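What you see below is based on every heavy atom in this structure, not just the backbone, and it leaves out hydrogens, waters and symmetry mates. Computed from a predicted model, the values in this text were never measured in an experiment. For the single chain, residues carry numbers from 1 onward in sequence order.
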Amino acid sequence: MSGSLAAAIAPAVTEFACEIGTSGPVTVVGGRTHWHIGGPPAAECREVRAPSGVWEHEPSEMTVRCGAGTTVAELAEHLAPGRQMVPFDPASGTATVGGVLACGLSGHRRLRYGHVRDLVLQTRHVGADGKVVTAGGPTVKNVSGYDLPRLLVGSLGSLGLLAEVILRTLPKPAASQWLAGDADPFDVQQLLYRPSSILWNGSSTWVLLEGDPADVAAEAAKLAPLGFAETDGPPPIPNEGRESMRPSDLRTLVDSGAHTSAGGGHHTAEGAPRSAGGWIAEIGIGLVHRQGPVPLGSASSVNAALMTELKRRLDPSNRLNPGRRAW
């Protein structure tokens, strides 16, 4: 895979850059499964689609190279025979790899596998000037200047339009088991060793255990005295609004008091009314998924100024996804 760094740019990426061109507002369309995040692009935007396909997979190096327009389902299917995976968990398998990264969607297994930005080794994207930019790479030890792969994750295509990515793969767990019960999710978190996910709706708790079958069985045995039983999977996770809180503040969700939010994505401002409907919280992470839209909060003045300056430098004419709000 390290040879990919010096390889010629794929024809599909070059064609994508030509389609984007050098002028006029443009937006990349994927599976539209999370199209509501950040608001719609400006009506005058021209729609383009990123290249798709799994182009390289090196199981021994645990890396995979694919077009940003590749669906998550296609990527998973390609990696499955080698017992490897990229832990993406979007609302639908029709979501694209580029869309998941552009929205910064880490999925419900973030507790174990971390943020999706940590899976990105290299990106090729098209800048506002229509040129292809290569950033990062599996052999890069020190980075000077902007860490573009990390900047692009969660930027909603406002800093560059993803064309191709090299991702780190992980071993696919030999065993996977969901359990459900009504015990306190914070006690459950302290009891278990590296659960993949703990979800909570204020009354019920769902736990995902993954790994060696013996380890999964041992962890499940810890939950049996608390009344947990095996279940088919997680509850339906709302996809309308996302709210970020301190993980320790998730307890306040069952109260009527104010709560705290953090910047980025769909969030509420501090003290703002919550959306109507149910919710699912990710214990240990601090994300709350709501059944209704959540008012957009504001980034801190320092972060807003930094991102505005980055936008000015990387897209001075504001032609990349204008109208969408990433901060």
Side-chain angles (χ1 to χ4, degrees), residues 72-73 76 80 83-93 100 105-116 118-119 170-257 259-260 274-292 294:
V72 170
R83 298 297 300 171
Q84 292 186 357
M85 67 167 185
V86 177
F88 288 156
D89 299 298
S92 168
V100 170
L105 296 171
S106 295
H108 60 260
R109 291 186 292 174
R110 181 178 172 181
L111 184 62
R112 184 182 183 101
Y113 299 113
H115 198 285
V116 290
D118 298 326
L119 301 170
L170 299 173
K172 191 172 183 179
S176 179
Q177 183 175 332
W178 278 98
L179 301 104
D182 58 6
D184 184 296
F186 305 96
D187 292 341
V188 169
Q189 183 184 8
Q190 295 298 316
L191 180 66
L192 299 175
Y193 175 72
R194 296 191 67 199
S196 294
S197 181
I198 302 176
L199 305 177
W200 180 55
N201 69 355
S203 58
S204 298
T205 301
W206 293 262
V207 177
L208 173 60
L209 303 174
E210 293 183 307
D212 180 83
D215 293 337
V216 169
E219 291 294 285
K222 296 178 182 179
L223 295 176
L226 301 179
F228 277 81
E230 190 170 353
T231 187
D232 291 337
I237 299 177
N239 187 35
E240 288 299 311
R242 289 187 297 164
E243 174 185 355
S244 182
M245 305 173 67
R246 294 186 183 91
S248 60
D249 287 345
L250 290 175
R251 292 181 183 274
T252 66
L253 290 169
V254 297
D255 301 325
S256 59
H259 59 287
T260 304
R274 299 190 180 123
S275 59
W279 50 268
I280 295 288
E282 295 184 40
I283 302 301
I285 300 300
L287 272 181
V288 184
H289 304 268
R290 296 196 178 273
Q291 290 182 353
V294 176

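Between Trp178 and Val207 the shortest side-chain heavy-atom distance does not fall below 4.5 Å. Counting heavy atoms from C-beta outward, Leu111 and Pro195 have side chains that approach closer than 4.5 Å. Contact annotation: the side chain of Gln84 never approaches that of Lys172 to less than 4.5 Å [non-hydrogen atoms, C-beta and beyond]. Counting heavy atoms from C-beta outward, Thr252 and Met245 have side chains that approach closer than 4.5 Å. Taking the side chain as every heavy atom from C-beta outward, Ile237 and Leu199 approach each other to under 4.5 Å. For the pair Ile280 and Pro235, the minimum side-chain heavy-atom distance is below 4.5 Å.
For the atom pair Leu287 CG and Ser106 OG, the distance stands at 8.0 Å (nearest 0.5 Å). Distance check, rounded to the nearest 0.5 Å: OG1 of Thr205 to CD1 of Ile198 gives 8.0 Å.
Applying the ring-ring contact (aromatic ring centres under 6.0 Å, His included) rule to Trp206 yields no partners; only residues at least two apart in sequence or on another chain are considered. Qualifying side-chain contact (heavy atoms from CB on, under 4.5 Å) partners for Pro90, counting only residues two or more places apart in sequence or in other chains: His34, Val72, Phe88, Ala95, Val100.
What you find for Ala281 and Leu250 is that their closest heavy atoms are CB-CD2, 4.1 Å. Heavy-atom minimum distance, Ala183 versus Val188: CB-CG2, 4.2 Å. For the residue pair Gln177 and Ala220, the shortest heavy atom distance occurs at NE2-CB, 4.1 Å. A pairwise comparison of heavy atoms in Pro213 and Ala175 identifies CA-CB, 3.7 Å as the closest pair. Of all non-hydrogen atoms in Gln189 and Gly284, the two that sit nearest each other are NE2-CA, 3.6 Å. Residues Leu223 and Leu179 share a closest heavy-atom pair of CD1-CD1, 4.3 Å.
Pairs passing the side-chain hydrogen bond (donor to acceptor under 3.5 Å, both in side chains) check and including a residue from residues 209-229, sequence neighbours excluded, read Arg109-Glu210, Tyr113-Glu210, Ser196-Glu210, Glu219-Lys222.
Ser197 contributes no side-chain N or O that, together with a main-chain N or O of Leu208, makes up a donor-acceptor pair within less than 3.5 Å.
Checked for salt-bridge contact, Arg290 and Glu240 miss the test: no charged N lies under 4.0 Å from a carboxylate O. Taking 4.0 Å as the cut-off between side-chain N and carboxylate O, Arg251 and Asp184 count as a salt-bridged pair.
Side-chain contact annotation: Glu282 with His289, donor-acceptor N/O pair under 3.5 Å present.
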- Task: For Leu192 and Leu209, run side chain to side chain contact (heavy atoms under 4.5 Å, CB included): C-alpha distance rounded to whole Å, both residues' side-chain angles, the deciding distance at 0.1 Å, then the answer.
- Result: CA-CA 9 Å; Leu192 299 175; Leu209 303 174; 4.1 Å; yes
- prompt: When you look at Leu105 and Val116, which way does the side chain to side chain contact (heavy atoms under 4.5 Å, CB included) test go after all the steps?
  reply: CA-CA 7 Å; Leu105 296 171; Val116 290; 6.0 Å; no
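For an aromatic pair to be called close, the ring centres must be under 6.0 Å apart, and Trp200 with His108 fails this.
For Asp182, the CG atom is loosely surrounded, since the number of other residues' heavy atoms within 6.0 Å does not exceed 12.
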